[in-house]
J.: 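Quick one: this structure, given as structure tokens, is what I'll be asking you about.
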Amino acid sequence: DAKTTQPNSMESNEEEPVHLPCNHSTISGTDYIHWYRQLPSQGPEYVIHGLTSNVNNRMASLAIAEDRKSSTLILHRATLRDAAVYYCILSYNNAGNMLTFGGGTRLMVKP
Amino acid sequence: DAGVTQSPTHLIKTRGQQVTLRCSPISGHKSVSWYQQVLGQGPQFIFQYYEKEERGRGNFPDRFSARQFPNYSSELNVNALLLGDSALYLCASSLFEGSPLHFGNGTRLTVT
């Protein structure tokens, strides 16, 4: 499986935008980019996924670089509830059930 | 709508014993996946079932087995428990293969 690289941790202030980076330089043409997050004492939660084009949903936006070697998850206005571990995952041909989670980025949100 | 439900929430077993963990998917979801999450690490894929057939298996020993029932619920069995099997076991369901996963809050297994 192609691997992803994320910073171990990031800090943000409440009500400010947050940009969570992910590098995936060995991504193949059929790999989808998935983002999940895990709040304390809960199972992971789906955030967003995409292939080539930028994607938006009610939770976040996903910006994918033109060469697809990196992507950024954008939380437009961080709240305390957004404090979680964010995982960037690649899946072959949108086989979204068999995901390889890495260590993720722990996002801390300061009031 | 009810989310993915897992039982039990916590479990303590002794080395060498066997354990069965249960998962009820979201109504209408036909795919169930199992993941193991060791403290401080991301979840690791164990199994995926779709329409009662095994569709994928992660890098886990044969002591781990699973099945999916006609009502799409699922069980994960682990035999001959080792201390290293202590982890949070997560079940996830999805409408179809490749659909976003919906995770339960897991079963915390402690092996002593």
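Chain letters run A, B, ... following the sequence lines, proteins first, then strands; residues in each count from 1.
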J.: In the single-linkage hydrophobic clustering (I, L, V, M, F, W, Y; side-chain heavy atoms under 4.5 Å), do B/F64 and A/L99 co-cluster?
T.: no
J.: Answer yes if A/M98 and B/W34 sit in the same cluster of Ile, Leu, Val, Met, Phe, Trp and Tyr residues linked by side chain heavy atoms under 4.5 Å apart, and no otherwise.
T.: no
J.: Check each atom of B/Q6 against the heavy atoms of chain A and say whether the ones under 4.5 Å are side chain, backbone, both or neither.
T.: neither
J.: Just list the side-chain donor-acceptor pairs under 3.5 Å for residues 101-110 of chain B, sequence neighbours left out, or say none.
T.:
| residue | atom | partner | partner atom | Å |
| --- | --- | --- | --- | --- |
| B/N105 | OD1 | A/G43 | N | 3.2 |
| B/T107 | OG1 | B/P8 | O | 2.5 |

J.: Looking at every heavy atom in both A/Y87 and B/Q41, which two are closest together, and how far apart are they?
T.: OH-O, 4.0 Å
J.: Counting only heavy atoms closer than 4.5 Å, note whether B/F96 contacts chain A via side chain, backbone, both or neither.
T.: backbone
J.: When you compare the side chain of B/F45 with that of A/F101, does any pair of heavy atoms fall below 4.5 Å?
T.: no
J.: Within the 4.5 Å heavy-atom criterion, are A/Y36 and B/P43 side-chain neighbours or not?
T.: no
J.: Hey, could you give me each pair passing disulfide bond (SG atoms under 2.5 Å apart) that has a residue in residues 34-76 of chain A? Not counting sequence neighbours.
T.: none
J.: I need the full list of disulfide bond (SG atoms under 2.5 Å apart) pairs touching residues 12-59 of chain B, with sequence neighbours left out, sorted by first then second residue.
T.: B/C23-B/C91
J.: Hey, any chance B/L39 and B/V19 share a hydrophobic cluster, counting ILVMFWY side chains that come within less than 4.5 Å of each other, even indirectly?
T.: no
J.: Step through the shown structure and confirm whether more than 12 heavy atoms of other residues, nucleotides or ligands are within 6.0 Å of CG on A/L39.
T.: yes
J.: Could you please state which residues from residues 48-63 of chain B sit under 4.5 angstrom from chain A, measuring non-hydrogen atom to non-hydrogen atom, sorted by number, or 'none'?
T.: B/Q48, B/R55, B/G56
